[in-house]
Structure formats: C-alpha cells, structure tokens
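Below you'll find the structure, written out as structure tokens, and then a few comments.
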Amino acid sequence: MATRNLTMVVDRKHAEKYKEGFAANPSNFTDNSYVNMYLHHDGYPEFQGVQIANWVHANGRQDGSAMAAKLVHDMYYDSCYLYPSPDMIDHQYTYIIWSGKKIGIFISCYDNYNSENVFVLTPEKVISRYMSDYEYTDFANGEKRYTNQIKIIRNCLND
C-alpha cells in the first residue's frame with residue numbers, strides 16, 4: 001500500500017502570522033510554496049521524514065527557490081509529480097521545509113487524514129526520532145532517490 005505524501009518549500013517568514021507557526025495547516029501556505037512535490041510511496045515519517053532530513057543536511061541553503069529545484073532533482077522517481085496546489089491531490093502527509101535562513105532550517109509534517117501536526121523539528125531531531133533500518137538515499141555522497149531505487153532492486157534480485 002502506498003503512503004502518499006507531498007513536500008513543500010516555504011520561506012519561514014510566512015509562518016509568522018499564524019499562532020501555530022510552523023505547525024499550521026499546510027493549506028495556509030499554498031500561495032507561498034516554491035514547489036508542491038507529490039510522491040506516491042513511503043510517505044510516513046520513518047522514511048520520507050528521514051529522507052528529507054538527510055537531504056536537508058546535504059543541501060541546506062537559504063534560497064527557497066534554489067532549494068526547491070534541487071529537491072525535485074534529487075527526490076525524483078517514476079511516481080513523482082508536481083502540482084500547483086497541495087489541495088489538488090489526495091495524500092496523507094505534507095512535509096514543509098522551512099527555508100529563508102541558512103542556520104535553523106526546520107521541517108514540519110502534517111497528517112492530512114487526521115488534521116494534525118505530527119512534528120516540527122530540526123533535521124537532526126527528525127533523524128534521531130524517526131530513523132529506522134530502511135535503506136535511505138545517501139544524498140551527502142551525491143546519490144539521488146531514483147538511482148537508490150535501482151540499487152535496491154538490484155540487491156533484491158541478487159539475494
């Protein structure tokens with residue numbers, strides 16, 4: 001079964017007008033997102049949350065537009081799509097990478113099916129809380145999600 005998810009990149013200044021801050025419903029930030037990237041599989045925090053945190057470690061930058069472009073490049077695989085709005089596609093989890101400051105990038109995760117914030121954490125805290133024994137993409141060494149999938153399939157075929 002697929003756990004559908006969407007990742008947005010939003011400058012952190014847009015969260016300031018909401019009392020929930022980074023924990024606000026992602027629909028509030030539709031007009032401010034640099035990208036709305038839908039991924040069809042593995043959207044739960046133990047996988048996609050950690051993938052995003054690992055990616056931020058390797059690619060954290062202040063400019064949200066550059067971050068969004070690199071995110072799509074590195075996370076692309078056959079079931080990846082871009083949408084004009086996060087409200088256009090059914091998905092359980094919405095992740096937001098809060099850009100705008102080189103130091104202090106946060107990631108939030110919102111469960112759309114339960115209408116609740118799951119977490120707002122630094123990448124380090126996402127990794128320490130949710131990392132499991134999955135085969136994550138090694139973004140720090142230039143690996144991309146698509147090439148990591150091919151590696152996993154080859155390993156399964158050789159076992």
Side-chain angles (χ1 to χ4, degrees), residues 1-12 14-15 22 26-27 29-30 32-102 104-113 117-156:
M1 185 170 117
T3 305
R4 298 172 308 278
N5 65 103
L6 189 126
T7 304
M8 303 167 70
V9 176
V10 178
D11 285 335
R12 54 194 293 152
H14 297 294
F22 297 151
S27 293
F29 307 106
T30 298
N32 305 113
S33 182
Y34 289 103
V35 69
N36 300 298
M37 182 181 63
Y38 169 81
L39 300 173
H40 191 71
H41 301 96
D42 303 324
Y44 39 89
E46 294 80 9
F47 188 79
Q48 187 62 13
V50 175
Q51 284 275 86
I52 292 169
N54 285 332
W55 183 86
V56 168
H57 267 301
N59 296 284
R61 52 178 81 179
Q62 187 173 357
D63 183 332
S65 63
M67 184 181 281
K70 181 85 166 103
L71 177 76
V72 172
H73 177 265
D74 292 352
M75 291 279 187
Y76 173 81
Y77 71 105
D78 290 343
S79 293
C80 172
Y81 306 93
L82 301 179
Y83 287 92
S85 167
D87 300 327
M88 295 182 73
I89 187 76
D90 178 43
H91 62 285
Q92 182 169 0
Y93 295 105
T94 301
Y95 295 93
I96 299 179
I97 301 170
W98 295 97
S99 63
K101 290 189 178 179
K102 188 167 180 94
I105 293 175
F106 283 85
I107 301 166
S108 63
C109 176
Y110 192 87
D111 185 333
N112 296 293
Y113 293 172
N117 180 267
V118 177
F119 66 75
V120 174
L121 298 168
T122 63
E124 298 80 13
K125 295 278 187 184
V126 173
I127 292 167
S128 68
R129 183 173 296 172
Y130 291 101
M131 189 169 213
S132 189
D133 60 351
Y134 297 109
E135 288 190 46
Y136 299 105
T137 306
D138 188 1
F139 296 110
N141 287 311
E143 196 170 69
K144 312 289 181 268
R145 182 162 180 176
Y146 183 76
T147 54
N148 186 48
Q149 279 189 309
I150 293 170
K151 180 179 79 176
I152 292 169
I153 291 167
R154 285 184 182 147
N155 288 342
C156 289

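Model, not experiment: these values are computed from the prediction.
Residues forming a salt bridge (Lys or Arg N to Asp or Glu O under 4.0 Å) with D90 (at least two apart in sequence, or on another chain): R4. Under the side chain to side chain donor-acceptor pair (under 3.5 Å) criterion, H14 pairs with N32, not counting sequence neighbours. T122 is linked by a side chain to side chain donor-acceptor pair (under 3.5 Å) to E124, counting only residues two or more places apart in sequence or in another chain. Checked against ring pair (Phe, Tyr, Trp, His ring centres under 6.0 Å), F119 has the following partners two or more places apart in sequence or in another chain: Y130. Y93 pairs by the ring pair (Phe, Tyr, Trp, His ring centres under 6.0 Å) definition with nothing, not counting sequence neighbours. Among residues two or more places apart in sequence or in another chain, the side chain to side chain contact (heavy atoms under 4.5 Å, CB included) test is passed with A69 by none. Partners of S65 by side chain to side chain donor-acceptor pair (under 3.5 Å), not counting sequence neighbours, listed by chain and number: D63. Contacts of H73 classified as side chain to side chain donor-acceptor pair (under 3.5 Å), with partners at least two apart in sequence or in another chain: none. By the side chain to side chain contact (heavy atoms under 4.5 Å, CB included) test, Y81 is found to be paired with Y38, Y83, residues two or more places apart in sequence or in another chain being considered. For F29, the ring pair (Phe, Tyr, Trp, His ring centres under 6.0 Å) partners two or more places apart in sequence, or in a different chain, are Y18, W98.
The minimum heavy-atom distance linking E46 with Y136 is given by the pair O-OH, 2.6 Å. Of all heavy-atom pairs between V56 and P123, the closest is CG1-CG, 3.5 Å. Nearest heavy-atom pair, G100 versus D11, reported as atom, atom and distance to 0.1 Å: N-OD1, 3.9 Å. Across S99 and G64, no two heavy atoms sit closer than the pair OG-CA, 3.4 Å. Of all heavy-atom pairs spanning C109 and N117, the tightest one is O-ND2, 3.3 Å. Closest approach of Q51 and T137 over heavy atoms only: OE1-N, 2.8 Å.
In this structure, S128 contributes its side chain and K125 its backbone to a donor-acceptor pair below 3.5 Å. Checking side-chain atoms of S85 against main-chain N and O of D87 turns up a donor-acceptor pair under 3.5 Å. A donor-acceptor pair under 3.5 Å is absent between the side-chain atoms of S132 and the main chain of Y134, judged by distance alone. Put simply, the side chain of N36 never gets that close to the backbone of L82: no donor and acceptor are under 3.5 Å apart. Side chain of Q48 to main chain of G43: no donor-acceptor pair is present (N/O by atom type, distance under 3.5 Å, no hydrogens or angles).
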Is there a side-chain contact (heavy atoms from CB on, under 4.5 Å) between C80 and M75 once you walk through the steps?
-> CA-CA 8 Å; C80 172; M75 291 279 187; 5.8 Å; no

Step by step, would you call I96 with I107 a side-chain contact (heavy atoms from CB on, under 4.5 Å)?
-> CA-CA 6 Å; I96 299 179; I107 301 166; over 6 Å; no

Go through the steps to decide whether K144 and F139 satisfy the test side-chain contact (heavy atoms from CB on, under 4.5 Å), and finish with yes or no.
-> CA-CA 6 Å; K144 312 289 181 268; F139 296 110; 5.7 Å; no

L6 vs M37, side-chain contact (heavy atoms from CB on, under 4.5 Å): CA-CA, chis, key distance, verdict | CA-CA 5 Å; L6 189 126; M37 182 181 63; 5.8 Å; no

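For the pair I127/N54, a side-chain contact is recorded, criterion being any heavy-atom separation below 4.5 Å from C-beta on. Residues Y76 and D74 have side chains not in contact (no heavy-atom distance under 4.5 Å, counting atoms from C-beta outward). With contacts defined as side-chain heavy-atom distances shorter than 4.5 Å, the pair F22/R12 qualifies. Under the 4.5 Å side-chain criterion, counting only non-hydrogen atoms from C-beta, I105 is in contact with I97. Looking only at side-chain heavy atoms (C-beta outward), N59 and L71 stay at 4.5 Å or farther from each other. Between Y95 and N5 the shortest side-chain heavy-atom distance falls below 4.5 Å. V118 has its side chain within reach of P45: a pair of non-hydrogen atoms, C-beta onward, lies under 4.5 Å apart. Residues P26 and M8 have side chains in contact (heavy-atom distance under 4.5 Å, counting atoms from C-beta outward).
Side chain to side chain, Y110 and N112 fail the donor-acceptor criterion of an N or O pair below 3.5 Å.
The aromatic rings of H41 and Y77 lie tilted to each other, with the angle between the two planes from 30° to 60°.
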